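One is the number of the first residue; the rest follow in order along the sequence. In this text the structure is predicted, and so the values were computed from the model without any measurement.
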Amino acid sequence: MVLKQIAQNELEKVFGDRLITAKHELILFGQDVGSLPKQVGWLMNTKADAIAQPLTPEEIQTLYEIARKYKIPLVPRAAGTSGYGGAIPRKGGIIVDLRSMNKILEVDSENLTVTVEPGISWANLQFELNRQGLDVRCYPSSGVSATVGGWIAQGGDGIGSLKYGNINKNVVKLEVVLPTGKIVKTKDLDLFCDTEGILGIITKATIKIKTLTPMKVIVSSFEENYQMVLAIEKILEDGPIPYTIKFEESKYTDLKKAIWEGKKPFPIPAHHCSLMVAYEGNEEEIEEGLRVVREVTEMYRGRVYDDEVADHEWHERYYPMKIKKKGPTLVVGQAFAPLENLAAILDDFQFEQASARAGIDGYVNSKTGVTMMGYFLEDERRHFFMLSWSQSFVIFKIAQRHGGHVHSTGIWFANYANQYFGKQRLSRIRAAKLEWDKKEISNPGKIFAYWLPFILRIGKYFMWVFFDLFRNGWGRIAPILLKWLQNVPPLKWVLRWGRAHSPWPMQYGIGCCMVDGAAGIAPRWDFERFGMLPLFGPRQTDVLWISGSLTKKMAPRLRRIYEQMPEPKYVIAFGQCVASGGLFWEGYSLATPPDKIVPVDVYLPGCPPKPADFIRAHLILQNKIRAGTTHWQQRYENQDAMGMMQ
């Protein structure tokens, strides 16, 4: 839309030179941390008509009054460090730049709370609190520029969330100017946290803080992703709760090495994934945590680095996007995921993006979940950047395949709002929107937008295919098309029938159970009458037999064999030893249960199981393949063909 002159005159009376209409400023405020392809402009108007910089809640009241009078959209914005489009206009209008409202209003050292205006950055707030012997409980990785109000409105977690929870759990109360012009003070956080300003503009926030305590950081690295994930789980299980845990998969670490400018060689070996663990508290608690990390790192064949490396990594926590130097453009995606599936997510990412200049880092936000950021180095000057930009959806799609969900909604994921907020909370937000903002003045096109995300949801699949075609040729795109086609009935049912009746098992027998397995192969029981053909090499088989006591030393070999098997692939665990340790229950050297290493589809108890039990296990596996309930099928095959359904 175009701002009417009469409306502009009224705004100039209120804001004076704090009303900005310069073209270069408007272009800059039409973007966030993500670089948008020009084709997005065909679908929506990301260029604002003006920028208003209020200083008081009363000025925002007046701004809403003028906006309602002339039906002008208002888009609240702070530093724009998100990549979801929540601070980008969709229909033009006025951007409300809140960075001038950046004061600390009150520090309550007795109740450990601080009241601030929304435009203060986390770094400035932390600096001022540290001078008084206090500290923030959690803050985003973009905390140097990200603001308090922006993170509350966007939602999410970051550094410190593992110990203190996400930002929603650290907000005490808010002052908000509603679209009706009413100023309210509320503790009803469900309506205003992570709703991106569609129900009003935050003007004050009271958040929890803590006393300033000593902190110690330790950094380690591992050869394989699953070793790193097992180490994270063990650290959380055995030691005190860390302040934060940051992980970096090997492709991201290699990108960091490519931009390394230190005088000494880059400390982390090539193709290693790394882990940074920070502990706070008293000296005993910190030393206990560091001891656990060292022991766990040694257990999973990792390396621990000295304090110099730890201090450097802690300082660099604010700058995860430094790898943009190798860009020149950075395409970013983000998602939540279950911790137990993190290794599978990283493996899928490294397979699907083998030839891409890309990487993943993230933070553990609870004992069961992580937040991941995916980075793709591209060049927005290319004619086909629109295809490259579709990579920003890759991280979410891989995470969704393994039980994850979106990190926020914004513009691009608005049709996942039901999944993100839950039905009950989303119904409350919709009811409040209809009551307070019938004219869709406050940040329109967010959360309740449908047609644009729907178009993107369909279009991104075609963009992915064409992008892979341009980047890798038909040799790489053919398996992706086959994976897509295998989800289309009735081809899916035919493939299930064929795979169920032709399993080719491979033996990984490190215990006495395999003697009975060998008897099952012999003529008396005759496995082959069921279509089973035992082989002895991983590259031609699709079923992996595991038996015997699986030790931590043997676990990497088992994982390597599993990765060498072609897809689809299934796993059967025979006997009590592999399932729970058997005679060596709770042995210090055992890796039990084995599904921490590979996804097990069928467990067969017994010590030892009989040859008939081996056949029974395969018949159970056949039924699971026909039903589509094996681990591999749940990850790949059971998705609908176009990704249109949840």
Side-chain angles (χ1 to χ4, degrees), residues 1-103 117-121 145-147 149-150 153-154 177-179 181 196-198 200-203 380 410-411 437 439-446 449 452:
M1 64 174 293
V2 178
L3 192 64
K4 296 179 180 179
Q5 187 61 46
I6 186 172
Q8 184 171 334
N9 293 339
E10 289 190 36
L11 290 168
E12 286 175 347
K13 290 179 182 178
V14 178
F15 294 99
D17 58 0
R18 290 182 283 114
L19 182 71
I20 301 169
T21 56
K23 185 177 180 181
H24 65 281
E25 293 277 6
L26 300 179
I27 293 173
L28 181 64
F29 276 73
Q31 301 182 30
D32 55 15
V33 73
S35 297
L36 297 178
K38 61 182 180 181
Q39 288 86 350
V40 172
W42 302 346
L43 301 174
M44 61 184 190
N45 179 17
T46 61
K47 183 182 175 183
D49 299 291
I51 301 167
Q53 297 177 325
L55 296 176
T56 64
E58 289 72 26
E59 288 186 346
I60 297 176
Q61 274 185 311
T62 306
L63 187 58
Y64 266 125
E65 183 181 340
I66 296 171
R68 290 196 307 273
K69 182 178 179 181
Y70 296 102
K71 297 183 180 180
I72 306 170
L74 298 183
V75 181
R77 180 187 174 103
T81 55
S82 168
Y84 287 90
I88 295 177
R90 270 199 59 190
K91 303 177 182 179
I94 299 172
I95 287 179
V96 187
D97 182 6
L98 297 166
R99 289 177 300 170
S100 299
M101 299 178 68
N102 57 4
K103 298 175 183 175
E117 291 183 328
I120 188 170
S121 72
S145 52
T147 65
Q154 178 69 45
V177 180
L178 302 180
E196 301 171 357
I198 69 166
I201 297 176
I202 298 170
T203 54
E380 61 189 288
I411 295 176
D437 192 18
K439 295 183 179 180
E440 286 279 330
I441 297 298
S442 194
N443 210 6
K446 316 295 165 59
L452 177 60

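- Looking at N443 and P73, their side chains never come closer than 4.5 Å, going by heavy atoms from C-beta outward.
- Taking NZ from K91 and CD1 from I72, the interatomic distance works out to 14.5 Å, rounded to the nearest 0.5 Å.
- Nearest heavy-atom pair across R77 and L28 is NH2-O, 4.2 Å.
- Side chains of V96 and P54 form a contact here, defined as non-hydrogen atoms less than 4.5 Å apart.
- Evaluated for a side chain to side chain contact (heavy atoms under 4.5 Å, CB included) with T203, the options T56, V177, L98 yield exactly one hit, V177.
- A donor-acceptor pair under 3.5 Å is formed between the side chain of D32 and the backbone N or O of G85.
- Pairs engaging residues 15-25 under the side chain to side chain donor-acceptor pair (under 3.5 Å) rule: R18-E59 [sequence neighbours left out].
- For the side-chain contact (heavy atoms from CB on, under 4.5 Å) test, residues two or more places apart in sequence or in another chain that qualify with E65 are R68.
- No donor-acceptor pair under 3.5 Å is formed between the side chain of E196 and the backbone N or O of Q154.
- In this structure, M101 and I60 have side chains that are in contact, with non-hydrogen atoms separated by less than 4.5 Å.
- Nearest heavy atom pair, residue A79 against residue S145, reads CB-O, 3.2 Å.
- Residues meeting the side-chain hydrogen bond (donor to acceptor under 3.5 Å, both in side chains) test with E10, sequence neighbours left out: K69, Y70.
- The two atoms that bring V75 and G92 nearest to each other are CG2-O, 4.5 Å, heavy atoms only.
- Put simply, the side chain of I20 does not reach to within 4.5 Å of the side chain of F15, judged on heavy atoms.
- Closest non-hydrogen pair, S442 versus G200, comes out as OG-N, 3.8 Å.
- Here CD1 of I201 is found 6.0 Å from CG of L74. Values are rounded to the nearest 0.5 Å.
- Shown here for F29 and P89, the closest heavy-atom pair between the two residues is O-CD, 4.1 Å.
- The two residues I202 and G149 have their closest heavy-atom pair at CD1-O, 4.4 Å.
- Q53 and D97 share a side-chain donor-acceptor pair at under 3.5 Å.
- The backbone N or O of I88 lies less than 3.5 Å from a partner atom in the side chain of K446, making a donor-acceptor pair.
- Put simply, the side chain of I411 reaches to within 4.5 Å of the side chain of R90, judged on heavy atoms.
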Stepwise side-chain contact (heavy atoms from CB on, under 4.5 Å) check, I94 with L11: CA-CA 10 Å; I94 299 172; L11 290 168; 3.4 Å; yes
Could you go step by step and tell me if I120 and T147 meet the side-chain contact (heavy atoms from CB on, under 4.5 Å) rule? CA-CA 5 Å; I120 188 170; T147 65; over 6 Å; no
